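Notes follow the structure.
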Amino acid sequence: MATYHLTIPLSEQDVEQLTIGDVVYITGKAFTCRSRLHRWVLEEGHPLPVDTTDRNVLIHVGPIVLPEGDGWKLISFMPTSSIRFEKWGARSVDEWGLRMIVGKTTMGEETMAMMVKNKCVHVSPQCVSPNAWVDSIRIEDVKLFHELGTIEATWHMDVHELGPFVVDIDCKGNNLYKNHESEVNERRDQALKELGIEPDFQYTKLY
């Protein structure tokens, strides 16, 4: 396991060196995206209101942001579960030129295959602490605020040493969660056997 401090925009070489389990901090320009923006662009045909040439990191998050003077103040920031967006994952990587997606949990086979093809990775937070990153993020702008609402709008951020994040999908086709799942299932079967519990037992239902 290695630790990397990367500057956005990320290059192909930046992500090719990453492997599952590595720790990453990122500095530069990123943007947020949730379900409504995916649908707005990829299903409804609107243009993506982001230039990903210098902002090729997407964060699956709906930050809590309040107006402050002529700008915005970030109150809370916690990436959400990426598997929710698998329907659009491969297309977003391909059509938006992404090199990194930040979010919790994992993504599916189609997105993983596109990450291998286009050299993109997925990273997850090491912890769940909504206020830990506030001082590392400056809100630059917001697009589609009125059309999509504060949570689903795309917030444009300038981040500094944002992290730590763990690489859970690399661009070689490896998936940290799948590796853990296999190990957990193996240990579960071993524990059931040692306890004399049949492997097809059912958990107690309380209803």
Side-chain angles (χ1 to χ4, degrees), residues 2-34 37-38 40-42 46-63 65 71-72 74 77-80 82 85-86 88-104 106-107 110-126 133-145 152-174 176:
T3 298
Y4 295 90
H5 298 261
L6 302 178
T7 300
I8 308 166
L10 302 181
S11 69
E12 186 172 314
Q13 291 71 32
D14 285 332
V15 298
E16 282 184 319
Q17 68 186 329
L18 302 176
T19 189
I20 55 172
D22 286 345
V23 174
V24 176
Y25 295 81
I26 52 176
T27 296
K29 298 177 184 297
F31 70 102
T32 72
C33 181
R34 286 171 55 100
L37 181 64
H38 280 106
W40 178 267
V41 177
L42 299 177
H46 301 282
L48 180 69
V50 180
D51 181 0
T52 58
T53 304
D54 65 346
R55 199 183 296 265
N56 57 4
V57 173
L58 177 157
I59 306 176
H60 287 151
V61 65
V65 183
W72 303 90
L74 180 63
F77 172 94
M78 185 67 230
T80 190
S82 292
F85 313 116
E86 174 60 19
W88 305 286
R91 287 187 63 192
S92 65
V93 170
D94 188 33
E95 297 179 24
W96 300 349
L98 303 178
R99 294 290 182 202
M100 178 180 288
I101 295 177
V102 181
K104 290 187 300 195
T106 187
M107 298 200 76
E110 289 188 10
T111 302
M112 286 179 58
M114 188 59 71
M115 287 179 165
V116 171
K117 179 181 178 182
N118 287 24
K119 307 304 180 187
C120 179
V121 298
H122 185 278
V123 302
S124 295
Q126 275 195 331
W133 296 286
V134 170
D135 292 337
S136 299
I137 301 170
R138 181 176 65 86
I139 301 294
E140 289 186 321
D141 198 4
V142 60
K143 300 294 185 182
L144 304 176
F145 182 85
E152 299 287 337
T154 177
W155 294 90
H156 298 183
M157 300 176 164
D158 188 10
V159 304
H160 179 72
E161 286 293 299
L162 185 63
F165 300 111
V166 177
V167 179
D168 57 83
I169 300 175
D170 63 25
C171 61
K172 306 169 188 69
N174 301 308
L176 185 64

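Note that the structure is a prediction, hence the values are computed from the model and not measured.
Atom CG of D135 is surrounded by 12 or fewer heavy atoms from other residues, nucleotides or ligands within 6.0 Å. When the shell of 6.0 Å around NZ of K117 is examined, it contains 12 or fewer heavy atoms from other residues, nucleotides or ligands. The 12-atom threshold is exceeded at CD of E86, counting heavy atoms of other residues, nucleotides or ligands nearer than 6.0 Å. More than 12 heavy-atom neighbours from other residues, nucleotides or ligands sit within 6.0 angstrom of NE2 on H5.
I101 has its side chain within reach of M115: a pair of non-hydrogen atoms, C-beta onward, lies under 4.5 Å apart. Considering only heavy atoms from C-beta on, Y25 comes within 4.5 Å of P164 through its side chain. With a 4.5 Å cut-off on side-chain heavy atoms, F85 and T80 count as touching. The side-chain heavy atoms of M100 and V24, taken from C-beta on, include a pair separated by under 4.5 Å. Counting heavy atoms from C-beta on, the side chains of L37 and P49 come closer than 4.5 Å. Side-chain contact between M107 and M114 is absent, with no heavy atoms from C-beta onward closer than 4.5 Å.
If you check the side chains of S11 and D14, you find a donor sitting under 3.5 Å from an acceptor.
No close placement of the W155 and F77 rings is indicated, their centers lying 6.0 Å or farther apart.
Using cut-offs of 30° and 60° on the angle between ring planes, the pair W88 and H38 is parallel.
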